[in-house]
**Student:** 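Provided herewith is a single structure, encoded as structure tokens, for subsequent inquiry.
Just so it is clear: chains get the letters A, B, ... in the order the sequence lines come, proteins before strands, and each one is counted from 1.
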Amino acid sequence: MSMLARLIAVTLATGIVLSAPARAGTLDLEKDVVKIGFIKLTDMAPLAVAYEKGFFEDEGLFVTLEPQANWKVLLDRVITGELDGAQMLAGQALAATIGYGTRAHIIAPMALDLNGNAITVSNEVWRKMKPHLEIGADGRIRRPISARALKPVVEAWRAEGRPFNMGMVFPVSSHNYELRYWLAAGGLHPGFYSPDDNSGQIDADVLLSVTPPPQMPATLEAGTIDGYCVGEPWNQVAAFRGVGVPVITDDEIWHDNPEKVFGITAAFAEKYPNTTRALLRALIRAAMWLDENDNANRPEAVEILARSEYVGADAEVIAGSMTGTFAYGKDDRRPAPDFTVFFRRYATYPWYSDAVWYLTQMRRWGQIPEARPDSWYDAVARSVYRPDLYLAAARSLVEDGLAREEDFPWESDGYRPPTRPRDVIDGIPYDGRHPNAYIDSLPIGLKGNQTVRPGGRAAG
Amino acid sequence: MTATDTDIAATRRRASGRDRLAARLGRLEPWLRILGLGWSVALLKVALGDSPRTHLAQLWRELVVPLLAILGFLVAWGALAPQVHTSLGTIPGPVEVWQEAVKLHEDARIKAVRKERHRQRVEERNRKLIAAGHPEKVRDIPYTGAPSFYDQIWTSIRTVFFGFALAALIAIPLGILAGLSATANAAMSPLVQIFKPVSPLAWLPLVTIIISAVHAGNEGLLSKSFLISGITVTLCSLWPTLINTSLGVASIDKDLINVSKVLKMDTMTKLRRLVLPSALPLIFTGLRLTLGVGWMVLIAAEMLAQNPGLGKFVWDEFQNGSSRSLARIMVAVFTIGIVGFLLDRVMQALQSLLTFTNDR
């Protein structure tokens with residue numbers, strides 16, 4: 001550790017000598033003291049990197065990064081203004097704006113990463129699943145593992161009268177939707193929400209409930225839940241500690257799926273436009289740094305994240321998912337170069353199609369109780385996701401010579417090209433321009449004008 | 001004049017010098033005992049020329065036995081800890097805990113460097129603003145990084161003293177009232193008995209909601225988490241002071257009360273000259289208990305209110321779940337114990353200073 005101290009001291013000394021900010025931003029910023037919240041997950045990396053590598057400083061910002069106890073507290077504090085912005089679940093920004101939960105107009109001017117989650121099950125469940133797994137020619141388990149291998153286990157549980165519980169981090173989180181997607185693709189019903197019953201367990205074969213990410217390995221070990229879907233490092237932690245087995249990564253469920261966003265209130269962006277642009281510039285630079293030179297900076301990022309004020313898990317565990325591999329168990333490490341993508345393939349651009357996907361999943365499971373026309377999905381996406389702010393910040397970075405022209409999709413209309421069938425575990429393509437058609441093409445879930453009647457059972 | 005004359009004079013000087021030191025040591029002895037340095041008294045006496053044998057029993061009891069006990073504890077800990085396997089690794093032994101303590105110290109040094117750099121940045125910013133003609137925008141921006149371990153210890157101490165001061169402010173007047181007036185005592189007694197056993201974790205949600213409603217901002221000396229932790233400490237720890245104060249006031253010697261009647265003292269004088277001085281020993285006992293309870297309660301309150309002190313340190317380490325977490329939590333446990341011990345000693349010293357008992 002003293003080597004580390006020396007390294008840091010040298011870096012600081014060099015920084016003091018060389019620090020001349022690219023622009024004298026202090027005078028332009030309406031507000032230069034900013035507090036940003038985060039949850040202890042590896043994909044808060046852009047925030048930590050922007051602080052530690054001086055990108056916030058270059059913009060003249062004094063940023064305090066504050067870890068929050070759970071997603072609910074984080075959202076509430078952004079809404080009340082105690083936090084100026086936060087690493088946020090994309091679903092939180094959307095749900096708050098449409099009024100599911102506390103209503104507030106939150107915008108996402110930038111995405112933070114792609115992928116980065118995985119589903120882990122307990123050792124007992126894994127043992128029961130093993131006989132149903134396909135073994136490849138090399139003797140290793142063939143991946144991706146479909147939830148069809150889980151179905152017999154759930155049914156065995158039900159025969160014994162045991163409920164099958166799984167954890168996710170928040171009712172509108174990507175983890176919830178990815179877990180549900182995976183279960184539904186394997187023929188298991190993850191449960192509906194209804195306006196009267198927002199437990200999300202109506203008609204469910206598998207009961208899903210909320211647990212904060214850092215507590216998930218402990219809860220799995222205690223047996224309260226039989227599996228969970230969460231972001232890193234909490235899957236690798238379970239694998240390293242031997243309390244659970246990661247089954248599938250979300251990159252295997254949907255290649256390059258959208259993950260967290262940087263969320264601020266719409267009022268903040270209106271009141272402090274220069275500050276918002278400075279924040280976005282710093283975060284874009286951090287994202288570029290993380291993916292630079294084929295992930296060359298990742299080891300340093302791992303060391304930063306391992307500090308107890310950021311993620312705090314062991315560096316070895318964090319490196320398990322950040323440096324090009326993913327460990328499905330102590331002895332089953334597979335290459336996963338894109339386990340988390342921070343900047344490549346336009347990862348930080350806030351695509352409307354990403355917003356629409358989240359909305360379709362909300363509709364699929366009943367959080368949006370009634371059918372809506374395609375235009376509604378488009379309108380909500382446009383009010384929450386703000387590529388205009390993102391591109392303005394990107395343009396100013398390109399002008400300052402800090403970013404390259406070709407790294408940003410200047411001409412896009414905000415919708416990614418439709419997902420190819422082979423990039424999704426159940427082969428169902430997704431086209432963000434036609435959300436209702438997509439909803440109708442999914443196996444389990446509400447379709448068309450169906451609603452969830454009181455007492456369960458879809459009707460429509 | 002023979003050579004021995006000078007010797008005798010010198011010896012007499014030395015003897016009188018030693019006598020003076022010994023006398024001084026005798027006066028200091030009660031203070032050294034209070035500060036937990038009682039074991040040094042015997043050593044100093046031997047150093048001043050007393051024969052070790054007379055102090056052997058004292059040395060044995062006050063120095064050697066405690067040292068052996070601590071050593072035995074460390075050995076037992078070192079032997080038993082690796083036997084217990086948890087999912088976070090084995091329980092750390094004394095060596096690991098010491099290593100983590102050293103790392104925390106180094107980490108604090110690094111943070112001090114960064115704080116200095118931050119201060120320079122803020123100065124530069126303020127200078128630029130003044131130069132550009134915006135003196136009203138100048139402000140002192142607090143350090144944006146995470147607090148060091150020493151900062152957290154200091155935050156905890158500040159919070160406990162805030163809670164303690166508030167508790168004393170509430171409990172002592174109420175206690176005096178209850179002691180002087182039997183009616184007041186009867187009125188307060190049921191309430192005190194009901195609220196005394198309530199745990200801090202039960203008060204915390206109530207306090208949080210009230211403070212959130214009343215106190216808008218989160219900046220400055222009195223941040224919300226600080227207030228919440230401090231007030232929770234007050235609510236849980238004011239009872240010993242209250243009870244002891246009323247007891248102390250109620251049990252004033254009857255002769256003293258008669259004196260006040262003879263001298264026709266008014267209430268304020270009676271309070272100042274009679275009641276308080278004679279009740280002071282029990283009040284101080286109550287205050288010591290309050291501080292002790294308050295320190296225990298503080299750690300729990302900080303964990304939940306997220307006040308950046310030792311409680312939050314323990315909670316964060318638990319949440320992080322790294323392989324070093326258990327060792328760091330143990331460092332915090334020892335720190336909490338040592339600080340609690342020192343706080344109690346400070347109170348005891350104050351008590352000796354300000355009260356008169358039959359022993360002094």
**Student:** Would you mind telling me which of B:A146, B:S325, B:S323 has the largest number of heavy-atom pairs within less than 4.5 Å of chain A?
**Tutor:**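 Of the candidates given, the most pairs with chain A belong to B:S323.
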**Student:** With a 4.5 angstrom heavy-atom cut-off, is it the side chain or the backbone of B:E317 that approaches chain A, or both, or neither?
**Tutor:**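 Contact with chain A is through the side chain of B:E317 alone.
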**Student:** Which atoms form the tightest heavy-atom contact between A:W234 and B:Q319, and what is the distance?
**Tutor:** CH2-O, 3.5 Å
**Student:** Compare all side-chain heavy atoms of B:K111 with those of A:E309 and state whether any distance is below 4.5 angstrom.
**Tutor:** yes
**Student:** Are there over 12 heavy-atom neighbours, none belonging to B:Y143, within less than 6.0 Å of that residue's OH?
**Tutor:**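 Yes, the 6.0 Å shell around OH holds more than 12 heavy atoms from other groups.
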**Student:** How about B:W98: does its CH2 atom have over 12 heavy atoms from other parts shown lying under 6.0 Å from it?
**Tutor:** no
**Student:** Against chain B, label A:V33 side chain, backbone, both or neither, depending on which of its atoms sit under 4.5 Å from a heavy atom there.
**Tutor:** side chain
**Student:** Against chain B, label A:Y51 side chain, backbone, both or neither, depending on which of its atoms sit under 4.5 Å from a heavy atom there.
**Tutor:** side chain
**Student:** Tell me whether the count of non-hydrogen atoms from other residues, nucleotides or ligands lying under 6.0 Å of NZ in B:K115 goes above 12.
**Tutor:** yes
**Student:** Can you confirm whether more than 12 heavy atoms, excluding those of A:E316, are under 6.0 Å from its CD atom?
**Tutor:** no
**Student:** Taking side chain as everything from C-beta outward and backbone as N, CA, C, O, which of these in B:R328 sits under 4.5 Å from a heavy atom of chain A? Side chain, backbone, both or neither.
**Tutor:**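 For B:R328, side-chain heavy atoms alone lie under 4.5 Å from chain A.
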**Student:** Nearest 0.5 Å, what's the CD-CZ distance between A:E52 and B:R114?
**Tutor:** 4.5 Å
**Student:** Salt bridge check, A:E57 against B:R125: does any charged N sit closer than 4.0 Å to a carboxylate O?
**Tutor:**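 A:E57 and B:R125: not salt-bridged.
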**Student:** Please lay out, stage by stage, how A:K35 and B:T144 fare under the test side-chain contact (heavy atoms from CB on, under 4.5 Å).
**Tutor:** CA-CA 9 Å; A:K35 195 185 283 194; B:T144 55; over 6 Å; no
**Student:** Can you name the nearest heavy-atom pair linking A:G312 to B:S322, along with the distance?
**Tutor:** O-CB, 3.1 Å
**Student:** Measuring heavy-atom distances to chain A, does B:V122 have an atom under 4.5 Å in its side chain, in its backbone, in both, or in neither?
**Tutor:**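 Contact with chain A involves both backbone and side-chain atoms of B:V122.
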**Student:** Name the region of A:L61, side chain, backbone, both or neither, that has any atom closer than 4.5 Å to a heavy atom of chain B.
**Tutor:** backbone
